[in-house]
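Reading through the structure tokens given below for one structure.
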Amino acid sequence: IFADQLVAPFFVCEGDNVREPIASMPGHARLSADLVSEEVAILAGLGVRAVLLFGVPAVKDGQGSGAWADEGPVPAAIRSIRRVTPAMSVWADVCLCEYTDHGHCGLLDGHGVDVDVDVDNDATLPLLAKVALAYARAGADVIAPSDMMDGRVAAIREALDDDGFKDRVIVSYAVKYASAFYGPFREAAGSAPRQGDRRGYQMDPRNAREALREARADVAEGADMIIVKPGLPYLDVIRMVRDAVDVPIAAYQVSGEYSMIHAAAEKGWIDLDRAMFETTLALRRAGADLVISYFARDLAIALRRSEGPA
Ligand code: PBG
């Protein structure tokens, strides 16, 4: 593992000088844009070259309109990082679930005013394109759609190209399972669905071959790199996808994977540092070129201390 193979996620909230620790994710906090850019500068000094931003808005609505607000937390953080650490690759997660009052990743049929929890795939696509444009305008290098609507990579690519952002990269969450391991993230982002679940648009853990279909479809639509998520429970899928497509692959060691390692270590049942390295190595061994990890900073510090890759 090298520090430049890691991508560090951040939760960006509104305001100035705000740090709200996330109880279920030891060592992580919701940070305002100014503090995010301070942390990002430290990561750059440790050799980490990419960060992934999630927004936690103060106000949510039925459409998730905060997601495309030019003054929202993510655009603010992008601009601030661009100023302080221009060489950092800034990835902006594109999804509506952090911004909708119902907590789903797309518009609901009936636009969120009734109890129906069916997501309207096609009506969501133009909104995702709007979000991607807002992040591109703010200076994001990478647009990372995690909503799992069908056709969104093509919709985002077209919107970016039409607006003169041909140079922006799309890293799509092509393979994203409906997983039990997203719990701490949903606490961090306040994005747990109010009703229903995400099984209508995220993938069924029983199904491995669907991953190949999703991966190939996203590459055909214009994805430059794809993400497989979660990580550790899906090592077989990472390997299959690695062998099937010719774009780089990032594995996402998600919040629940991070938190369960911390929880067990806190009880003295496992060694935190060793588990951190072993799980990250497993993802690399399975075929991931990059690893998106809440351990990014700790890994980078440990790598620096050992003065070489692990
Ligand atoms: C948004 C999104 C989620 C994660 C990344 N993007 C949450 C979800 O699908 O509920 C989870 C990441 C993590 O658990 O660390 N759609």
Side-chain angles (χ1 to χ4, degrees), residues 6-12 22-30 51-57 60 64 66-67 73-74 91-100 102-108 117 119 121 124 127-128 131-132 135 142-150 152-153 156 170-205 214 226-234 250-263 276 279-280 283 288 290-297:
L6 304 171
V7 183
F10 284 97
F11 297 98
V12 194
I22 300 161
S24 57
M25 300 182 71
H28 281 274
R30 288 179 288 266
V51 295
L52 172 60
L53 305 180
F54 295 97
V56 187
K60 306 185 189 229
V74 168
W91 300 21
D93 184 274
V94 169
C95 192
L96 299 184
C97 69
E98 300 95 336
Y99 300 89
T100 51
H102 46 76
H104 281 282
C105 301
L107 271 186
L108 299 187
V117 288
V119 164
N121 188 100
T124 303
L127 303 186
L128 297 169
V131 180
Y135 298 164
V142 172
I143 301 300
S146 70
D147 51 279
M148 295 305 280
M149 299 302 124
D150 292 331
R152 89 270 205 222
V153 173
I156 289 172
I170 296 179
V171 177
S172 77
Y173 294 70
V175 181
K176 177 172 175 182
Y177 284 93
S179 171
F181 291 98
Y182 304 146
F185 176 99
R186 291 178 189 175
E187 187 207 313
S191 64
R194 215 161 53 190
Q195 272 175 309
D197 55 44
R198 303 208 204 292
R199 279 182 283 196
Y201 41 100
Q202 297 182 354
M203 291 165 54
D204 184 337
E214 294 277 1
I226 56 179
I227 296 172
V228 177
K229 154 187 187 188
L232 211 55
Y234 296 92
Y252 195 151
Q253 184 178 50
V254 299
S255 58
E257 300 179 70
Y258 172 84
S259 300
M260 81 181 166
I261 291 170
H262 263 282
M276 164 176 93
T279 53
T280 311
L283 298 170
L290 299 179
V291 179
I292 304 170
S293 172
Y294 298 99
F295 285 119
R297 181 179 166 153

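First listed ligand is number 1; within each ligand, the first listed atom is number 1. Because the structure is predicted, anything quoted here is derived from the model rather than measured.
- Counting only distance, with no hydrogens or angles, the side chain of Tyr294 and the backbone of Ala8 share no donor-acceptor pair below 3.5 Å.
- In summary, the side chains of Asp147 and Tyr173 do not present any donor paired with an acceptor at a separation below 3.5 Å, with no hydrogens or angles considered.
- Under the 3.5 Å distance criterion, the side-chain polar atoms of His104 are left unmatched by any main-chain donor or acceptor of Gly106.
- Ligand 1 lies under 4.0 Å from heavy atoms of Phe54, Asp93, Cys95, Cys97, Cys105, Ser146, Lys176, Phe181, Tyr182, Phe185, Arg186, Arg198, Gln202, Lys229, Tyr252, Val254, Ser255, Tyr294.
- Annotation: Phe10 is not in aromatic contact with His28 [ring centroid separation under 6.0 Å not met].
- With sequence neighbours left out, Phe11 forms a ring-ring contact (aromatic ring centres under 6.0 Å, His included) with Phe54, Phe185.
- Seen from the ring of Tyr182, Lys176 counts as a face-on cation partner, given the 6.0 Å and 45° thresholds.
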